[in-house]
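One-based numbering, in listed order, for ligands and for the atoms of each. Note that these values count all heavy atoms, side chains included, but never hydrogens, waters or copies made by symmetry.
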Amino acid sequence: MKASGRPLFMFAILTGQDAKGAPLYTMSPNIRSHSLFILQVLVVFAAYFATARWGLSHNAVNDFASLIWPPTGIALAAVFLFGYRITPAILFGAFLVNYLSGAPILAAAAIAVGNVLEASVGAWLLHSFRFHPMLNRLVDSFSMIIVALAASVISATIGTATLGSTQLLSASEVPITWLAWWAGDALGALLITPFLLRWLARPPGNGYRTRAQLVESILFLTILIALTLLIFWDPIPQLRGITPAYMLFVPLTWGALRVGPRIMTLAIVTTATLAIIGSFTGTGPYVAADMNDLFFLQMFLSTLAFIFLLFVSAVEERKEATKRLEANVLSLKEDVFNISEADRAKNDFIATLSHELRNPLAPILSTLEIMRIRSAKDAELTTMVDTTHENVMRMTRLLDDLLDIARISRKKITLQMSSVSLNSILVHASEMAQPIMNKFGHRLTVNLPIVDTQLHADQLRIEQVVVNILNNAAKYTPEGGQVSLSAAATSSGVEIRVRDNGIGIPRAEIENIFDPFKQINEGKNGVETSGLGIGLSLAKRLVELHGGTISAASQGAGLGSEFIVRLPAQNPVILLPAQKIAKDSPPHQEQRKQKRKVLVVDDNEAAANSIATLLNHSGHEARVALSGAEALEKLATFSPDIVFLDIGLPDGSGYDVARTIRNYCDPSPILVALTGYGHADDKQRSVEAGFDHHLVKPVSIADLEKTLA
Ligand code: ADP
């Protein structure tokens, strides 16, 4: 329901605005504000006067102190809403009522001043407590209760003092009259002010209810009214005395939980009015035969108002907090979505960038291989070529790591899991790390367990992890250091340890070094610090993909480091002694060289030519084709033993060319896929297309020789 369709009637009369705050009249601002003010004064005066007459006509203690005094509530709400300029309406209303009740003119004026002071101080207190008429915070109801109890002291004190000093009250009557006056005013404020403020204050935005809420509110009010009548009006004589007043707590609790402060203030006022009327007409549990009965009624109604005002505000506060929380969760979800989208875009970018940067390295490496062969007699040139080669290889490794990180983040990595021997992993890894150990003059000791363990793992990936850690040990240990690699079976799997006596890691940083791009030893201690800070992060993710953990330990800076990789294992099995395994791995150099006819197919002319030159230099006969069609043509005339076939060709994919060769060439040559992608899925596709081997660019002469052999 739209708020604009239902201007609050009372609100409109009193403020000249509809529920959205738009003016209802089109008059000049001056006339409008004057006539509006006069209207407000008249309404407040009339309401004050009428309810005050009603209050005094019912069981007033010594004619002036009523046990229920609604005007206090009206006056307090009016000053709070319209400001202190409304006080003349209260002053005049109170004066007239008291004068008509028999008070001398001065006494009536003094009592009226008391009433005005009470409302003004009360409104001032409410404003200073930052009271909000919506009553949707516990603090609002609490402030309301405090103000009702405190402000009433003023009127009761001035009123009884005036009556006492003018002999209208005897000294003995003063205390009881004061008490009745104070309690009547407090109850009036407690019941009427929250009701008026909550109904007259503009509901913020869409303060309106849904149809279901409206039906529930009506049902609640109906049941409450029926029960109040049953208790206070004795409609069924047989039930008289069996229907205790505290039964009202049941529907009121329902209301406090469900219908909100607006309906609850109405419910409390309605219940109180019906209870008071019943008691005055001689029915219900607090029949007002004498003043004591009315004190009990007062206490009952005050307790009711007290409890349920606080209760409904607390419930409302909780509802609003939940709403805010839900909104926050929603916006957090949006943020997370945006962040993960941005992260995905970043990973895609890193993947593409690394791939694109990696491709040109292929011809560079090939060229370097040629230069190395040609510069064999020039020692200085050989050193320069070696340095360049080493740096290009380092770049290749970094790009590979970046690609892997991006793949893991995009969940595009699949592990080639199989049953693998722990010892063979360690032997391979130590072999791969040996060159860097030699470069830094480190001594690498490898202690393999006598009893080997079978792991269910991706052998290449775990080797990659161990090599990464060994490379770090070499990098972060000053020259001539000690690095050890060892492993042992544990109750849950295996532990691989790499220990060095290098620069160590400050304790505070140990947890951080596994974060991507985190580097802590930059430029310290004269050790090699090149890198992107992704090696350990990659190692961690790979180990975790295997269901394992990785941790680091160090006694501190300068005291060396230890990295421990824990992996789950299959049952340990006894294999050959470790040393035997190491010896068994066949040295590549021993493979015999044979002259081959090779066709290199690559649309990157520089890359194709450099590989062909490299092969020709090594004594093979190599030719180049720059497209799939040219490759098929050359195949017919050249009859190669081996075809190195790039996957991304201008006239189709290398996979299609491979399939055609497999279908139409007999005997068909050995097919080697040459691509920038070394992922397991890519290798699988190559196998499916009919390739015999899969080489990832950049390809070194050693890779080529190995394949040719
Ligand atoms: P980087 O490319 O910088 O080597 P890593 O992720 O492999 O990146 O390592 C992160 C950081 O952890 C390194 O920058 C280094 O500060 C620290 N670190 C790694 N291994 C060792 C080690 N064995 N000794 C001391 N510090 C190390």
(request) Only one of L444, D500, N501, T477 passes side-chain contact (heavy atoms from CB on, under 4.5 Å) with Q482; say which it is. (result) N501

(request) Measure from NZ or CZ of K597 to the centre of the six-membered ring of F638 and say whether it is under 6.0 Å with the direction within 45° of the ring axis. (result) yes

(message) Using 0.5 Å steps for rounding, measure from the CZ atom of R324 to the CD atom of E317.
(response) 8.0 Å

(message) If the cut-off is 4.0 Å to any non-hydrogen atom of G533, which atoms of ligand 1 fall inside it?
(response) 1 (P), 2 (O), 3 (O), 6 (O), 8 (O)

(message) Any atom of ligand 1 sitting under 4.0 Å from a heavy atom of E509?
(response) no

(message) Below 3.5 Å, N or O to N or O, backbone or side chain included: is there any such pair between I513 and ligand 1?
(response) no

(request) Could you name the option among D401, D500, V498 that has the heavy atom nearest to atom 23 (N) of ligand 1? (result) D500

(message) Strictly below 4.0 Å, N to O, side chains only: are R344 and E341 in salt-bridge contact?
(response) yes

(message) I want to know if ligand 1 touches L536 in the polar sense, i.e. an N/O pair below 3.5 angstrom.
(response) yes

(message) Suppose I only count heavy atoms of K475 and a 4.0 Å limit; which atoms of ligand 1 are within that range?
(response) 1 (P), 2 (O), 4 (O)

(request) Could you pull out the closest heavy-atom pair between A658 and A689, with the gap in Å? (result) CB-O, 3.7 Å

(request) Would you mind telling me if ligand 1 is within reach of the side chain of I534, the backbone, both or neither, using heavy atoms under 4.0 Å? (result) backbone

(request) Decide whether an N or O pair under 3.5 Å exists between F563 and ligand 1. (result) no

(request) Check each atom of ligand 1 against the heavy atoms of I505 and keep those under 4.0 Å away; list them by number with element. (result) 25 (C), 26 (N)

(request) Could you tell me which non-hydrogen atom of A539 sits nearest to which non-hydrogen atom of I550, and how far apart they are? (result) CB-CD1, 4.1 Å

(request) With R372 as reference, evaluate V385, L381, T367 under the side-chain contact (heavy atoms from CB on, under 4.5 Å) test and give the passing residue. (result) V385

(request) Heavy atoms only: give me the nearest L632-I661 pair and the separation to one decimal. (result) CD2-CG1, 3.9 Å

(message) Would N472 count as being in polar contact with ligand 1, using the rule that some N or O on each side must be under 3.5 angstrom apart?
(response) yes

(message) Any atom of ligand 1 sitting under 4.0 Å from a heavy atom of G502?
(response) no

